[in-house]
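Presented below is the structure to which this report refers.
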Amino acid sequence: MSLFLVNRYLGEDEDNCASKESRAQALLVKLQQKAKEKQQQSLRQEETEEQTDRKKRKADKDSRQKHKKRKGEIDPNKDQPVEEDKNKKSGKKKQKRKKELDGREDMGEGEEEEKEDAEAGNDTREKTSAPAEFTVLGGFDLKSVQKVHRVLPQWLAQPDAIHSDIKNHLVPVLDVPGLCVHLVKKLQNNQIQHLFPVQAEVIPVILEGAQQGLLIGQGGYKPPDICVSAPTGSGKTLAFVLPVIQVLMERVVCEVRALAVLPTKELAQQVWKVFSSYAEGTTLKVVMLAGHKSFSAEQESVSEHRGGVRRSLADIIVATPGRLVDHINKSSGLCLEHLRFLIIDEADRMIDSMHQSWLSQVVKAVYRTGSETEPTSVFRRTEPKHITAASLSPPAMPLQKLLFSATLTQNPEKLQQLGLHQPRLFSSAHSRPATTADTPTAPPHKQDRFDFPQGLTEYYVHCTLSKKPLLVLHFLLRMKLSPMLCFTNSREAAHRLFLLLQLFGGVQVAEFSSRLSPAERKKTLKEFEQGKIQMLVSTDAAARGIDIHGVKCVLNYDAPQYIRTYIHRIGRTARAGKAGLAFTFLLGVQEKHFLQMVMEAGSPGIHKQIIKAESLKGMEERYQQTLRELQEVIREEKAQ
Ligand SMILES: Nc1ncnc2c1ncn2[C@@H]1O[C@H](COP(=O)(O)OP(=O)(O)OP(=O)(O)O)[C@@H](O)[C@H]1O
């Protein structure tokens with residue numbers, strides 16, 4: 001029935017539908033021939049059966065007549081009409097069946113008519129469908145399916161636009177509606193006189209959602225969940241730190257009311273520092289659960305038990321997902337039943353790594369009924385279902401999710417895992433095609449598009465594998481592109497490059513990967529930021545979110561495979577509206593795909609940087625010597 005005709009989004013592959021069509025056609029013809037043969041066979045069978053019946057009846061009749069003649073009682077017509085009718089009927093039935101099949105035979109002509117009927121819901125064929133044994137199951141009548149493009153939900157397709165041009169859209173701190181004096185002072189003490197576009201847009205909305213206090217949102221409704229997609233280095237951290245601190249700073253009883261979840265220890269540490277800095281001067285307590293301290297030390301920092309009563313020692317928790325789940329499951333002292341803000345930074349990465357199902361564990365802990373030791377709190381909440389009059393009373397403190405990322409996915413299937421409530425998207429204008437159910441669909445992008453930092457200039461260098469280390473030395477020693485953050489695609493490649501550059505001499509380099517302990521990584525980042533290290537050779541552990549002041553240049557020593565990795569790597573420079581350079585070494589085979597990927601993602605343009613062979617000449621000999629020494633060092637390391 002056309003009522004349930006669903007055009008499905010069949011993805012981008014258009015090229016093989018022609019073969020699909022021919023295959024379906026061939027199958028259709030084959031099935032029709034089979035049905036026809038079957039029908040003719042059953043017709044022949046029926047005819048033979050009728051002939052035998054007729055002969056049988058005739059013989060019976062003759063014998064009866066002979067018998068009755070002997071008795072004189074026969075009416076030769078009485079039985080005849082019935083039998084004739086019967087014959088006639090079966091003949092008619094036969095004709096009808098043949099006609100239907102024939103009708104089916106020239107279904108190609110009548111198909112459109114049939115299809116229109118079916119679509120108009122006047123399909124009579126089903127009522128007079130051919131005998132079951134002749135119905136071709138599946139009815140391979142080819143329908144031309146209308147090509148549909150993915151249409152985004154309204155909130156995704158038409159976001160609140162954020163200017164990506166930071167410099168020309170600064171907003172004086174004093175002009176931001178609702179920002180309290182304490183925070184204005186803190187910003188000014190940190191030499192921040194203006195807010196960036198993402199901060200000026202998002203902060204007032206979050207403050208608005210808590211204007212009626214913590215218990216209910218505006219107008220008694222739950223505040224909308226907020227999703228923010230803005231370039232790297234555009235100030236997303238303060239966009240959630242400031243409003244959360246302002247909303248919570250008037251609290252009376254200390255309870256965990258804000259939880260920020262980040263993918264790595266370094267990022268958690270970085271955000272914890274910002275929260276702690278702006279919470280100074282308030283009674284708010286910020287606690288980090290990211291494995292920087294022992295598990296028991298973290299438990300003691302979250303709550304204490306006095307006289308059998310649990311008392312929270314944290315208002316704001318900054319955590320990594322794994323450590324958070326451990327505390328939810330093993331620390332009775334961690335109570336999330338008062339949680340008001342759930343902040344998910346680097347949200348696309350956090351969605352991808354939902355394998356720990358950390359979010360469902362958080363939601364379960366938030367809506368947990370009063371635990372044994374805890375009398376059921378007046379604020380006890382049940383997980384929100386559909387909005388009804390009943391569900392709005394009694395007013396329950398809303399849990400508002402705040403998502404932030406420079407590469408937030410547009411994929412509704414992925415976002416729906418987060419269970420967002422009437423979400424509102426803030427996005428740099430450039431990155432969203434306006435496609436909704438009622439606007440013409442923009443040509444589907446093969447991938448999401450993003451905003452690149454305004455001050456960033458991108459280059460690529462065509463090179464060979466053996467020349468890469470020499471090019472790095474040229475960048476450092478001749479082009480003076482330091483401090484430089486150099487990314488490799490593996491821990492081993494980072495270590496080898498670090499050793500080679502160290503052996504070559506004349507350059508201060510350090511490596512940053514999981515080969516180092518968290519303490520060593522922390523020390524290395526600090527020295528790099530202090531300018532004691534010219535180049536940090538890193539894996540993608542330092543790609544996301546890490547905010548290192550003054551990185552002049554990012555080098556993709558190994559070209560990243562995925563666009564999100566590229567964007568987060570090059571986003572370590574050109575932050576806060578400053579200028580920055582990004583170089584990517586490309587082998588011949590990588591060039592076409594990589595450049596296409598970057599352009600499709602919305603890059604303003606990537607330029608070819610030519611390095612003349614003679615610029616590397618002077619280092620050739622020393623370089624060959626270094627390679628020999630490197631082999632020795634690696635052999636010794638392996639032996640250890
Ligand atoms: N209003 C402002 N004025 C000046 N500097 C600011 C302002 N807001 C943030 N910054 C600085 O800009 C830098 C980048 O901020 P932040 O780390 O929040 O960016 P981000 O958008 O989170 O980046 P990423 O996407 O890489 O995580 C930080 O050093 C921060 O101190």
Side-chain angles (χ1 to χ4, degrees), residues 162-176 179 183-204 227-245 260-264 266-278 318 343-350 402-409 426-428 431 450-456 485 487 525 528-529 538 540-551 554 564-580 582:
I162 300 173
H163 287 288
S164 42
D165 175 355
I166 292 179
K167 279 190 187 146
N168 298 320
H169 293 88
L170 293 171
V171 177
V173 169
L174 293 167
D175 292 356
V176 177
L179 207 53
L183 289 177
V184 169
K185 283 214 176 79
K186 286 299 288 182
L187 286 166
Q188 288 162 345
N189 295 345
N190 292 334
Q191 286 77 48
I192 291 182
Q193 304 301 334
H194 297 86
L195 289 191
F196 291 161
V198 66
Q199 296 159 355
E201 287 292 331
V202 172
I203 291 172
C227 299
V228 177
S229 176
T232 50
S234 58
K236 293 187 287 296
T237 309
L238 281 181
F240 60 79
V241 165
L242 296 176
V244 166
I245 286 187
V261 189
L262 296 107
T264 64
E266 284 75 20
L267 265 181
Q269 171 102 36
Q270 184 176 289
V271 169
W272 173 79
K273 271 189 191 160
V274 179
F275 261 119
S276 303
S277 155
Y278 286 88
V318 181
I343 300 144
I344 306 177
D345 200 0
E346 305 301 341
D348 60 306
R349 168 79 181 278
M350 300 305 286
L402 309 175
L403 277 67
F404 294 82
S405 174
T407 52
L408 191 64
T409 176
F426 292 83
S427 170
S428 339
S431 59
F450 308 105
D451 240 4
F452 286 60
Q454 181 192 21
L456 180 72
L485 192 46
F487 286 104
L525 275 185
F528 181 56
E529 198 154 18
S538 172
D540 284 312
R544 270 184 182 264
I546 295 290
D547 183 50
I548 308 166
H549 291 201
V551 175
V554 165
R564 283 183 163 82
T565 309
Y566 176 71
I567 287 176
H568 284 284
R569 285 183 179 182
I570 62 177
R572 295 318 99 206
T573 185
R575 297 174 70 76
K578 297 185 182 73

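Just follow the structure's listing: the first ligand is 1, and inside any ligand the first atom is 1.
Neither the backbone nor the side chain of Ser405 comes within 4.0 Å of ligand 1, counting heavy atoms alone. Of the heavy atoms in Asp547, only side-chain atoms (C-beta onward) come closer than 4.0 Å to ligand 1. Contacts between Arg572 and ligand 1, counted as non-hydrogen atom pairs separated by less than 4.0 Å, involve the side chain only.
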Arg564 vs Asp540, salt bridge (Lys or Arg N to Asp or Glu O under 4.0 Å): CA-CA, chis, key distance, verdict:
CA-CA 11 Å; Arg564 283 183 163 82; Asp540 284 312; over 6 Å; no
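Applying the 4.0 Å criterion to heavy atoms of Leu238 picks out, from ligand 1, the atoms 8 (N). Within ligand 1, the atoms closer than 4.0 Å to a non-hydrogen atom of Glu346 are 27 (O), numbered from 1 in the order shown. Per-residue contacts place Pro231 under 4.0 angstrom from the following atoms of ligand 1 (heavy atoms of the residue considered): 21 (O). Listed by number with element, the atoms of ligand 1 under 4.0 Å from a non-hydrogen atom of His194 are 1 (N), 2 (C), 3 (N). Heavy-atom contacts of His549 reach the following atoms of ligand 1: 29 (O) (cutoff under 4.0 Å). Each of the atoms 16 (P), 17 (O), 18 (O), 22 (O) of ligand 1 lies under 4.0 Å from some heavy atom of Thr237. For ligand 1, the atoms lying closer than 4.0 Å to a non-hydrogen atom of Leu195 are 1 (N). Under a 4.0 Å criterion applied to the non-hydrogen atoms of Ala576, ligand 1 contributes the atoms 12 (O).
Distances shorter than 4.0 angstrom occur between a heavy atom of Ser234 and an atom of ligand 1. In this structure, Gly233 counts as a contact residue of ligand 1, since one of its heavy atoms falls inside 4.0 Å of the ligand. The shortest separation from a heavy atom of Gln193 to ligand 1 is not under 4.0 Å, leaving the residue out of contact.
Distance OG1/Thr407 to CD1/Ile567: 6.5 Å, rounded to 0.5 Å. Atoms CZ and OG1, on Arg349 and Thr409 in that order, are 15.0 Å from each other to the nearest 0.5 Å. The distance from the CZ atom of Phe240 to the CD1 atom of Ile344 is 11.5 Å, given to the nearest 0.5 Å. Here the NZ-CG distance, from Lys185 to Leu187, works out to 12.0 Å after rounding to the nearest 0.5 Å. Taken from CG in Leu262 to CD in Gln270, the straight-line distance is 9.0 Å, to the nearest 0.5 Å.
Looking at Val554, Leu485, Thr232 one by one, the single match for side-chain contact (heavy atoms from CB on, under 4.5 Å) with Thr573 turns out to be Val554. Under the salt bridge (Lys or Arg N to Asp or Glu O under 4.0 Å) rule, Asp547 has a single partner from Arg572, Lys236, Arg575, Lys273, which is Arg575.
In this structure, the protein non-hydrogen atom closest to atom 25 (O) of ligand 1 is Lys236 NZ, 2.7 Å. Of the protein's non-hydrogen atoms, Gly545 CA, 3.3 Å is the one closest to atom 27 (O) of ligand 1. Nearest protein heavy-atom contact of atom 7 (C) of ligand 1 is Phe196 CE1, 3.2 Å. Of the protein's non-hydrogen atoms, the one nearest atom 8 (N) of ligand 1 is Gln199 NE2, 2.8 Å. With hydrogens left out, the protein atom closest to atom 19 (O) of ligand 1 is Gly235 N, 3.2 Å, a heavy atom.
Counting heavy atoms from C-beta outward, Glu346 and His568 have side chains that approach closer than 4.5 Å. The closest side-chain heavy-atom distance from Phe196 to Leu238 is not below 4.5 Å. Counting heavy atoms from C-beta on, the side chains of Ser234 and Pro197 never come closer than 4.5 Å.
The aromatic rings of His169 and His163 sit parallel, their planes meeting at an angle under 30°, below the 60° perpendicular limit.
Nearest-heavy-atom check against atom 17 (O) of ligand 1 across His568, Arg544, Lys578, Arg575 picks out Arg575.
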